[in-house]
Number of protein chains: 2
Amino acid sequence: MSNYDTDTIDQLAEMFKALSNPNRLRIFLELIDCCPPGTLWQQDGECCAFVGDLTRVLEIVPSTVSHHMKALRQAGLIKMRRRGKQIVCWVDPAAVQALVRFFNR
Amino acid sequence: MSNYDTDTIDQLAEMFKALSNPNRLRIFLELIDCCPPGTLWQQDGECCAFVGDLTRVLEIVPSTVSHHMKALRQAGLIKMRRRGKQIVCWVDPAAVQALVRFFNR
DNA sequence: ATCATAGTTCGACATGTGTCGAACTATCTA
DNA sequence: TAGATAGTTCGACACATGTCGAACTATGAT
């Protein structure tokens with residue numbers, strides 16, 4: 001058997017599941033695109049998209065976007081924080097690194 | 001909008017979906033483990049597991065393993081070839097490289 | 001030829017997923 | 001305080017997924 005324990009496998013599977021839906025993958029890509037490593041990953045969400053931006057770009061109703069954001073967040077791939085009326089969100093670099101390590105092992 | 005076209009996104013999503021089920025992820029890991037790059041990836045499947053091996057290790061009935069193998073194969077993550085009564089399978093290094101590039105972009 | 005072995009395909013079925021609209025909550029503004 | 005704006009939660013529903021066992025197919029052995 002492989003040297004991963006059940007929890008690790010479940011956690012990885014959850015990350016992949018979060019990226020397995022085209023719309024969620026698009027959200028993830030939007031967040032990566034709007035915040036290249038140099039800007040985003042050092043400023044803990046100071047740059048980056050609002051949920052409303054994603055709603056417009058993807059042409060999906062807000063409730064569905066919210067639903068997908070939740071899945072991405074629970075998988076640990078993105079972070080969110082309220083700023084006034086809006087909620088700002090960004091990709092968690094640690095999660096991406098975990099995936100890179102997985103494939104590079 | 002991100003600079004990926006619809007087909008690319010769908011294809012990536014399918015790869016992630018293939019890895020989004022714990023048992024399929026386990027199969028993928030088994031195949032990677034039994035065939036480290038040096039041995040496997042240069043001998044096009046001369047090393048590597050049989051489907052029956054995976055059935056035993058994962059403790060899942062053959063029909064379910066077969067079902068999962070099909071998903072991994074259709075996503076382009078693994079290759080299979082019949083050798084006598086058995087079917088040998090291995091991870092496609094090109095697919096893994098595509099995923100590595102995706103996260104490293 | 002018959003049989004055994006290794007996988008696949010099929011049908012069934014419980015459970016999970018993706019989407020929407022309606023109702024709700026939190027925050028700012030007038 | 002009342003209204004507007006930005007998201008979330010809930011309920012519904014069509015559709016997809018994961019799993020099994022039974023029947024089938026392909027190959028090798030007796």
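Keep in mind the model is a prediction, meaning the values are calculated, not measured. Scope of the values below: all heavy atoms of this structure, side chains included, with no hydrogens, waters or symmetry mates.
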Calculate the interatomic distance between [X] atom [atom1] and [N] atom [atom2]; express it in whole Å.
X	N	atom1	atom2	value
B/Gln86	D/dT27	CD	C1'	11 Å
A/Phe50	D/dT8	CZ	C1'	18 Å
A/Met69	D/dA6	CE	C1'	13 Å
B/Leu25	D/dG18	CG	C1'	15 Å
A/Met80	D/dA6	CE	P	15 Å

For [X], enumerate each residue passing the side chain to side chain contact (heavy atoms under 4.5 Å, CB included) test, keeping only those at least two apart in sequence or located in another chain.
X	result
A/Arg73	A/Lys70, A/Ile78, A/Met80
A/Lys85	none
A/Ala13	B/Pro22, B/Leu25

Q. Is there a side-chain contact between A/Met69 and A/Val51, using heavy atoms and a 4.5 Å cut-off?
A.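 A side-chain contact under 4.5 Å exists here.
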
Q: Write out all pairs satisfying salt bridge (Lys or Arg N to Asp or Glu O under 4.0 Å) with one or both partners inside residues 4-15 of chain B, taking only residues at least two apart or from two chains.
A: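 Of all non-adjacent pairs touching residues 4-15 of chain B, none passes salt bridge (Lys or Arg N to Asp or Glu O under 4.0 Å).
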
Q: State which residues pass salt bridge (charged side-chain N to carboxylate O under 4.0 Å, His left out) with A/Lys79; sequence neighbours excluded, sorted by chain then number.
A: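 A/Lys79: salt bridge (charged side-chain N to carboxylate O under 4.0 Å, His left out) contacts with A/Asp92.
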
Q: Produce a footprint string for nucleotides 14-30 of chain C: one letter per nucleotide, 5' end first; B if the base is under 4.0 Å from any protein heavy atom, S if only the sugar-phosphate is, - if neither.
A: ---SSBBBB----BS--

